Each structure stands twice: as C-alpha cells, then as structure tokens.
Protein chains: 2
Amino acid sequence: MIDNVILGILMEGPQTGYGLKSTIEQSVGFFYTASYGSLYPALKRLAEQGAISLVETDGTKNKKLYTMETAGRKQFLEWLGEPLTRNRNEHLLKFFFYDYLEESLRKERLAAFHGSLREELGRLAVVKQIVDKETEALENPEDYRYRLSVLTYGFRYLEMAERWLGDLREKELKNEYNADQDAAVEENHDE
Amino acid sequence: MIDNVILGILMEGPQTGYGLKSTIEQSVGFFYTASYGSLYPALKRLAEQGAISLVETDGTKNKKLYTMETAGRKQFLEWLGEPLTRNRNEHLLKFFFYDYLEESLRKERLAAFHGSLREELGRLAVVKQIVDKETEALENPEDYRYRLSVLTYGFRYLEMAERWLGDLREKELKNEYNADQDAAVEENHDE
DNA sequence: GCAACCATGTAACGTGTTACATGATTAC
DNA sequence: GTAATCATGTAACACGTTACATGGTTGC
C-alpha cells in the first residue's frame with residue numbers, strides 16, 4: 001500500500017522522505033496516513049528494487065531526494081490499473097491517482113466498480129427491508145436503535161458512493177461530448 | 001479491536017469461535033472482518049485474562065462455548081464508553097453496540113463526535129472552496145478531475161455521516177418526548 | 001457415500017505504529 | 001538564542017491475514 005502511495009506522489013516530481021509525509025497528509029490524509037516507521041523502510045526497499053533512485057543533495061545536509069524511475073512508474077501504473085475493490089480505502093487511493101490511468105482502462109474499472117456498488121446497494125436494501133419489517137413486530141424497537149442504525153449507515157454510505165461515482169462518470173462523458181463539439185466547430189470553421 | 005468485537009457479541013449470549021465469525025460477518029461485516037487466525041488466539045487470550053470462560057460442551061465433539069464473564073463485561077463497557085474517534089471504523093463498531101451504553105454517557109459521546117464531524121466538515125468546505133477557485137484558473141482542469149473528485153468524496157462522506165448522526169440523535173430525542181407524554185397521560189388517567 | 005457445513009487451531013508472513021534517538025535549518 | 005520546522009532513521013511492538021492441517025456432523 002505505502003509503496004504505491006509513495007510512487008504515486010513521486011509521479012509529480014522528486015521528494016524527500018519528510019516531504020512525502022507532509023504531502024501525503026495534505027492530499028490523501030483524509031483516508032490514508034503514513035508514519036516514518038513505515039515510510040523510510042519503504043523508501044529503502046523501493047530504492048533497492050530500483051523503482052526509485054536517491055540523490056544525496058548535499059554532502060553535509062543529510063537530505064535525500066527520491067526520484068521516480070521507469071521501473072517504479074511501471075509498477076505504479078500496474079497497481080493503478082488493477083480492478084477496484086472496496087478494501088481498506090484502497091479504491092479511494094486509486095481514484096486520487098486515476099488521472100494517470102489510461103482512459104479506456106479507467107472507464108472499464110469505474111464501470112465495474114459502479115456495478116458492484118449497485119449490487120451491494122441492492123443486497124443491503126433487501127436486508128434492510130426484512131430487518132425493518134422484523135423491527136415493527138418488536139415490542140421495544142428503541143432497545144435496538146443503534147444496532148439498527150448502523151444498517152442505515154451502511155445503506156447511506158453506499159448510496160453516497162454510488163451517487164458520487166455516477167456524477168463523476170457523467171462529468172467525464174459530458175466533457176467528451178463537449179470536446180467532440182469543439183472539434184466539429186474547429187473543422188467547420190467557415191460555417 | 002477484535003477483543004471488543006468478540007466481547008460485544010458475547011453480550012448477547014455464549015458462542016463458539018466458529019459461530020462468532022459468522023455472527024461478525026452477518027452483523028458488522030460491512031466494515032469489520034475477522035479471520036480465524038486472529039479470532040482463536042484472541043479467544044485464548046481473553047479466556048486467560050478471565051474476561052470470558054469456556055465450556056467444552058461435549059467430550060467427543062471438540063466444540064467450545066465461550067461465555068461472557070463479569071470482568072469481560074466491565075472491559076467491554078469501558079471501551080464502549082471511551083470517546084469516539086474516526087479511526088479505522090472503530091466508531092461504527094461502537095455505534096453498533098451503543099444500545100449497551102448508559103444513556104447519559106452515550107449522549108455525551110455522540111454530541112462530541114457530532115461536533116468534531118461538523119468541524120471537519122467546515123475545514124474541508126474551506127479547503128474545497130480554495131481548491132475550486134484555483135481550479136477555475138487552470139487551463140486544463142480535466143487533467144486533475146480525479147484528484148479533485150476525491151476531495152468532493154470526502155466532503156460528501158462527512159455530509160452523509162453528519163446527517164446520519166443528526167437524524168439518529170433527533171430520533172432519540174423524539175422518543176424521549178413521547179415517553180414523557182406517555183408518562184404524563186398515565187399520571188392524569190382520570191382527565 | 002459424499003458434499004456442505006460446522007469446528008478448532010497454528011506458523012509464517014505482511015504491514016503498520018509508537019517511541020526513541022539524533023541533528024540541521026530557518027524565522028523571529 | 002531559541003523555538004519551530006525540516007530531516008533521517010531504528011527497534012520493539014501490535015495486529016491482522018493467508019495458508020495449512022485436521023476432523024466431526026448433517027442432509028440428501
């Protein structure tokens with residue numbers, strides 16, 4: 001996980017270990033955190049693998065700049081292109097870097113993920129209906145309020161995610177349409 | 001983490017290790033999963049601590065029933081009463097068991113969590129405004145669509161959570177009001 | 001009889017955090 | 001000159017997963 005976050009950020013340009021940590025906090029910090037205890041060993045590992053290279057900027061300053069290498073870029077894009085799964089926010093991490101993914105594969109992954117979200121939403125809707133009906137038959141439904149509320153939370157979470165992804169996919173489609181229009185206008189310049 | 005999940009489920013009654021796993025899957029499985037590799041060692045640990053006790057139901061059947069003990073209940077309720085934090089879905093886990101928490105402490109924790117959600121929502125709203133303004137100035141905002149969309153995701157996530165919690169707290173308040181009304185009616189029976 | 005499920009458990013591995021240790025640079 | 005921030009790194013620990021190993025019970 002941390003390897004790919006590091007590589008993703010190095011796509012933008014060289015960074016120090018310290019710089020990486022603050023960049024992570026400011027960008028994907030909402031759903032991913034890294035400590036130095038995992039960061040530095042990861043940098044060491046990635047450098048040994050040849051995914052990144054390090055340059056000691058200054059002999060006295062004890063400051064190392066890590067730079068993306070071709071192997072690292074390949075490794076990162078391979079990870080980025082793998083199917084999206086709703087495990088430990090990895091999908092959100094991938095979304096953050098999705099501008100780097102080739103359009104056709106990106107669309108495929110998003111469509112598949114959208115489908116699985118809708119499926120899960122459907123399954124949960126069924127469960128919720130059953131549970132709600134069972135709850136009506138209880139004498140003291142308030143005694144289970146919180147237990148039940150978590151089901152509602154799950155439902156709303158999936159609803160939110162589904163809508164967000166729907167909006168995002170729509171936005172990209174609209175953009176393509178506009179791009180096509182622009183191209184058409186450009187072609188018929190004298191019209 | 002797993003210790004408290006186990007204890008929380010044992011609040012309902014005795015279970016086998018196998019039973020615990022399927023109960024976990026069916027109840028909090030949406031945001032928490034446990035493997036046997038963590039479950040059985042945890043049960044062993046909890047039994048050694050005296051939080052739970054085990055009964056071999058049958059000499060030949062190799063089946064163990066784990067039962068909650070007083071020490072375990074105390075440990076569980078202590079954990080449950082600790083302040084809510086948005087770390088690795090621990091708050092959702094606590095919510096699921098919140099029917100077991102004493103009402104006044106529960107209200108306090110929910111109010112505090114609601115406040116922190118609103119604060120974070122406010123902070124993110126500011127960040128989003130700044131970023132949106134900066135985005136307008138770009139020549140190719142589409143190149144950063146996904147990067148930016150994750151910010152929207154974070155915002156919508158917090159909005160959803162804030163609303164859900166608001167609804168939940170309101171529901172409990174309404175229930176209290178109704179209970180008061182009922183009590184009043186009962187007192188003035190001849191009216 | 002055999003497939004599906006019930007049931008328990010361990011060893012190796014993966015991945016990350018916390019706490020500690022150290023020192024340079026910058027802004028005031 | 002001193003506090004904040006920049007900067008690197010390790011050791012002990014925490015927590016969990018995957019894969020493996022084993023066997024009983026139930027339903028058809």
Side-chain angles (χ1 to χ4, degrees), chain A residues 1-10 14-26 28-29 31-49 51-67 75 79 85-90 93, chain B residues 1-10 14-26 28-29 31-49 51-67 75 79 85-90 93:
Chain A
M1 192 88 282
I2 194 164
D3 293 40
N4 296 308
V5 178
I6 291 171
L7 292 174
I9 290 170
L10 289 183
Q15 281 266 19
T16 63
Y18 184 87
L20 277 166
K21 184 161 195 289
S22 53
T23 303
I24 288 170
E25 274 163 14
Q26 287 160 37
V28 293
F31 50 87
Y32 184 85
T33 54
S35 62
Y36 290 125
S38 61
L39 192 63
Y40 282 112
L43 285 169
K44 199 178 172 184
R45 208 166 49 231
L46 286 166
E48 274 166 10
Q49 288 168 16
I52 61 177
S53 62
L54 74 160
V55 186
E56 248 128 308
T57 30
D58 204 314
T60 59
K61 275 177 194 167
N62 190 30
K63 184 178 169 178
K64 292 173 183 175
L65 263 188
Y66 292 91
T67 312
Q75 185 182 327
W79 167 77
T85 54
R86 209 169 57 71
N87 285 38
R88 244 178 275 160
N89 287 343
E90 199 195 30
L93 217 43
Chain B
M1 192 88 284
I2 194 163
D3 293 40
N4 296 309
V5 179
I6 290 171
L7 292 174
I9 289 170
L10 290 184
Q15 281 266 18
T16 64
Y18 183 87
L20 276 166
K21 184 162 195 287
S22 53
T23 302
I24 288 169
E25 274 163 12
Q26 287 161 36
V28 293
F31 51 86
Y32 183 85
T33 55
S35 62
Y36 289 124
S38 61
L39 191 65
Y40 282 111
L43 286 170
K44 198 178 173 183
R45 210 166 46 232
L46 286 166
E48 276 166 9
Q49 288 168 15
I52 61 177
S53 62
L54 75 159
V55 185
E56 249 128 306
T57 30
D58 204 315
T60 59
K61 275 177 190 164
N62 190 29
K63 185 178 169 178
K64 293 174 183 174
L65 264 188
Y66 293 90
T67 312
Q75 186 182 325
W79 167 76
T85 54
R86 210 170 57 72
N87 284 39
R88 244 177 276 159
N89 287 344
E90 200 196 29
L93 217 43

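Proteins come first, then strands; the chains are lettered A, B, ... in the order of their sequence lines, and each starts at number 1. A quick note: this is a predicted structure, and the numbers were derived from the prediction, not measured.
If you measure from atom CG of B/L54 to atom C1' of C/dT8, you get 12 Å, rounded to the nearest angstrom. The nearest whole Å value for the distance from the CG atom in B/N62 to the P atom in D/dA21 is 18 Å. A straight line from CD of A/E90 to P of C/dG14 spans 17 Å, rounded to a whole angstrom. Nucleotide D/dC15 holds its P atom 7 Å from the CZ atom of B/R45, rounded to whole Å. As rounded to whole Å, 12 Å separates atom P of C/dT10 from atom CG of B/L39. B/E25 has its CD atom 14 Å from the C1' atom of C/dA7, to the nearest Å. To the nearest angstrom, P of C/dG9 lies 8 Å from NZ of B/K44. Regarding B/L43, its CG atom lies at a distance of 14 Å from the C1' atom of C/dT10, rounded to whole Å.
Residue A/Y18 places none of its side-chain N or O atoms closer than 4.0 Å to OP1 or OP2 of D/dT8. Between A/Y36 and D/dG9, a side-chain N or O to OP1/OP2 separation shorter than 4.0 Å is absent. Within the structure, every side-chain polar atom (N or O) of B/K63 is placed at least 4.0 Å from both OP1 and OP2 of D/dG23. When the side-chain nitrogen and oxygen atoms of A/K21 are compared with OP1 and OP2 of D/dT8, none of them lie within a distance under 4.0 Å. Remark: A/S38 is not in phosphate contact with C/dG16, judged by side-chain N or O atoms under 4.0 Å from OP1 or OP2. For the pair A/Y40 and D/dT8, the criterion of a side-chain N or O lying under 4.0 Å from OP1 or OP2 is met.
Under the 4.0 Å criterion applied to side-chain N and carboxylate O atoms, A/E25 and A/K21 are assigned as salt-bridge partners.
A/G17 comes within 4.0 angstrom of sugar-phosphate atoms only, judged by non-hydrogen atoms across all strands, and of no base.
Taking the side chain of B/Y32 as heavy atoms from C-beta on, and the options D/dG16, C/dG9, D/dC6, the nearest nucleotide is D/dG16. The side chain of B/M1 sits closest to D/dG16 out of D/dG16, D/dG9, D/dT10. Side-chain atoms of A/Y66 lie closest to D/dG9 of the nucleotides D/dG9, C/dT17, D/dT18.
Closest of all the heavy-atom pairs between B/A42 and B/D3 is CB-OD1, 4.1 Å.
Between B/M1 and B/L93, the closest side-chain pair of non-hydrogen atoms falls below 4.5 Å. Two residues are said to be in side-chain contact when any heavy atoms from C-beta on lie closer than 4.5 Å; B/I2 and B/R45 meet this criterion.
Each of B/R88 and B/T16 has a nearest nucleotide on DNA chain C; the 5'-most of these lies closest to B/T16.
Judged purely by atom type and a 3.5 angstrom limit, A/S38 has no side-chain atom pairing as donor or acceptor with the backbone of A/A34.
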